[in-house]
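Single-structure report; data block below.
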Amino acid sequence: HAKENGRNGFAFYHQAMSLAVEKQQNMESELHQAIEEEQFCVHYQPLVSVGGEIIGFEALLRWQHPEKGLMPPAEFIPSLEVSGLIVPVSNWLLGHCSRQIVKWKETGFWQPDWYVSVNISPLQFYQADMVPTMQQAISEGGAHLTDICLEITETVAIENIEFAVNRLKVIRELGMMIALDDFGTGYSSLSYLKDLPIDIVKIDRSFVQELGQKSKSQSIVEAVTNIARAYELKVVAEGIESHDQLMLAHNIGCDIFQGFFIERPQVAEKLKRTYLTRDLS
Ligand code: C2E
Ligand code: MG
Ligand code: MG
Ligand code: MG
């Protein structure tokens with residue numbers, strides 16, 4: 001019996017594996033089509049200062065799937081990564097953001113010190129031609145490199161710390177800013193804040209959302225903010241969902257705030273309307 005179960009177990013496992021492989025293959029061919037037919041779009045979520053003014057936006061990728069509707073990145077970024085398609089899609093996104101910035105400049109919406117923050121995947125960060133390809137995508141769109149901030153995670157940075165430090169130096173010398181995203185979820189060594197040439201630390205929303213509820217999260221946000229301050233980095237509190245969380249993050253000394261309480265990610269057109277008519281204070 002044991003043998004039979006084992007064999008059935010294997011058959012089941014085997015079947016599950018082929019299903020997973022088939023699913024990934026279907027997804028990949030759909031993603032190829034999505035690139036060809038430009039089914040991707042970008043939502044922008046405002047980043048606001050202590051005074052409640054916009055200082056920039058995070059660009060967040062969406063897939064307008066022909067049957068399934070608007071899909072969040074968690075459902076397709078892993079497939080983009082595995083297939084390598086994240087590289088062309090991310091360059092498309094950079095070009096798109098660049099053109100959007102130019103439009104915002106033309107309409108007078110854009111302020112000189114604003115920036116658009118773009119998420120960079122591990123695969124992309126380690127491409128040999130990442131820097132010139134990115135530069136080209138941004139320049140062709142018409143924006144300046146100084147209008148862009150790149151978000152990388154700790155995990156990306158420490159995969160090969162020496163390479164990462166050098167690459168980040170090159171990127172910053174070109175005028176782009178660097179943010180360390182989801183800080184606290186990875187290796188979370190505060191010493192990385194000293195070693196990495198970065199401008200901004202984004203404290204992961206899991207800590208921000210526990211502000212006022214768990215003293216441990218409060219201490220983590222305080223510690224990160226204090227260390228970041230010592231290294232002259234700006235601190236973003238991400239995932240602010242309530243007035244309380246905003247006030248607590250503000251009192252701790254975070255510099256920049258992002259979250260559904262302030263604004264959800266939106267298409268550019270809608271954002272503009274919202275913000276020109278809204279009193280943030
Ligand atoms: P992330 O970079 O940490 O982006 C912030 C995520 O938090 C976004 O989810 C945003 O919608 C969400 N968020 C913002 N405020 C709140 C809040 O108050 N409450 C909650 N619960 N969530 C909030 P989204 O758009 O689903 O993106 C998820 C992740 O997918 C991103 O996390 C990022 O890692 C990745 N991603 C998004 N766009 C891209 C892209 O263009 N390229 C790459 N490589 N990754 C991307
Ligand atoms: Mg991000
Ligand atoms: Mg984040
Ligand atoms: Mg996050």
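The analysis underlying the following values was restricted to heavy atoms, covering all of them including side chains, and did not include hydrogens, waters or symmetry mates. Start at 1 and go down the list; that is how both ligands and their atoms are numbered. For the single chain, residues carry numbers from 1 onward in sequence order.
The shortest side-chain heavy-atom distance between Q266 and Q45 does not fall under the 4.5 Å cut-off. By the 4.5 Å heavy-atom criterion applied to side chains, I148 and Y115 are not counted as neighbours. No side-chain heavy atom of I55 sits under 4.5 Å from any side-chain heavy atom of V48. Contact of the F125 side chain with the L150 side chain is not registered, since no non-hydrogen atoms from C-beta on lie closer than 4.5 Å. Under the 4.5 Å side-chain criterion, counting only non-hydrogen atoms from C-beta, R99 is not in contact with E140.
Applying the 4.0 Å criterion to heavy atoms of G259 picks out, from ligand 1, the atoms 15 (N), 18 (O). The P265 neighbourhood of ligand 1 comprises atoms 11 (O), with distances under 4.0 Å to a heavy atom of that residue. Atom numbering of ligand 1 starts at 1 in the shown order; those under 4.0 Å from a heavy atom of Q209 are 19 (N), 20 (C), 21 (N). Under a 4.0 Å criterion applied to the non-hydrogen atoms of Q45, ligand 1 contributes the atoms 14 (C), 15 (N). Per-residue contacts place D181 under 4.0 angstrom from the following atoms of ligand 1 (heavy atoms of the residue considered): 1 (P), 2 (O), 3 (O). Close approach to S121 involves these atoms of ligand 1, each under 4.0 Å from a residue heavy atom: 44 (N). Below 4.0 Å from some heavy atom of E238 lie the following atoms of ligand 1, by number and element: 3 (O). Those atoms of ligand 1 with a heavy atom of L93 less than 4.0 angstrom away are 41 (O).
For atom 39 (C) of ligand 1, the nearest non-hydrogen atom from the set L60, I77, V208, I262 comes from I77. Taking all heavy atoms of T153, D182, I240, D204 into account, the minimum distance to atom 3 (O) of ligand 1 is reached by D182. Looking at N119, V42, V89, it is N119 that brings a heavy atom closest to atom 33 (C) of ligand 1.
Residue N119: an N/O/S atom is found under 2.8 Å from the Mg ion (ligand 2).
Any N or O atom pair closer than 3.5 Å counts here, and F260 shares at least one such pair with ligand 1. The distance criterion of under 3.5 Å between nitrogen or oxygen atoms is not met by Q258 with respect to ligand 1.
Within the structure, the closest approach of G239 to ligand 1 falls below 4.0 Å when heavy atoms are considered. Not a single heavy atom of R264 sits closer than 4.0 Å to an atom of ligand 1. Residue-ligand proximity: H43 is placed with every non-hydrogen atom at 4.0 Å or more from ligand 1.
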### Task
With side chain to side chain contact (heavy atoms under 4.5 Å, CB included) as the test, would you mind laying out the steps for I240 and H250 before giving the verdict?
CA-CA 11 Å; I240 301 226; H250 182 281; over 6 Å; no
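Residue R62 touches ligand 1 through its side chain alone, judged by heavy-atom distances below 4.0 Å. The part of E58 lying near ligand 1 is the side chain, judged by heavy-atom distances below 4.0 Å.
Of all the N, O or S atoms in D182, the one closest to the Mg ion (ligand 3) is OD1. The N, O or S atom of D181 lying closest to the Mg ion (ligand 3) is OD1. The nearest N/O/S atom of E58 to the Mg ion (ligand 2) is OE2. Within E151, the N, O or S atom at minimum distance from the Mg ion (ligand 2) carries the name OE1.
Between the OG1 atom in T153 and the CD atom in E159 there is a gap of 9.0 Å [rounded to 0.5 Å].
L60 and I138 are members of different hydrophobic clusters when ILVMFWY side chains are connected at heavy-atom separations under 4.5 Å.
Heavy atoms only, all atoms of each residue included: G239 and Q245 are closest at O-OE1, 3.7 Å. Closest approach of L168 to P197, counting heavy atoms only: CB-CG, 3.7 Å.
Looking at E238 and R205, no side-chain N of the basic residue comes within less than 4.0 Å of a carboxylate O on the acidic one, giving no salt bridge. We find that D147 and K105 are joined by a salt bridge, their nearest charged nitrogen and carboxylate oxygen being less than 4.0 Å apart.
Aromatic ring orientation, Y44 versus F57: perpendicular (interplanar angle above 60°, classes split at 30° and 60°).
For the side chain to side chain contact (heavy atoms under 4.5 Å, CB included) with S206, the lone residue among I203, D204, V208 that qualifies is D204.
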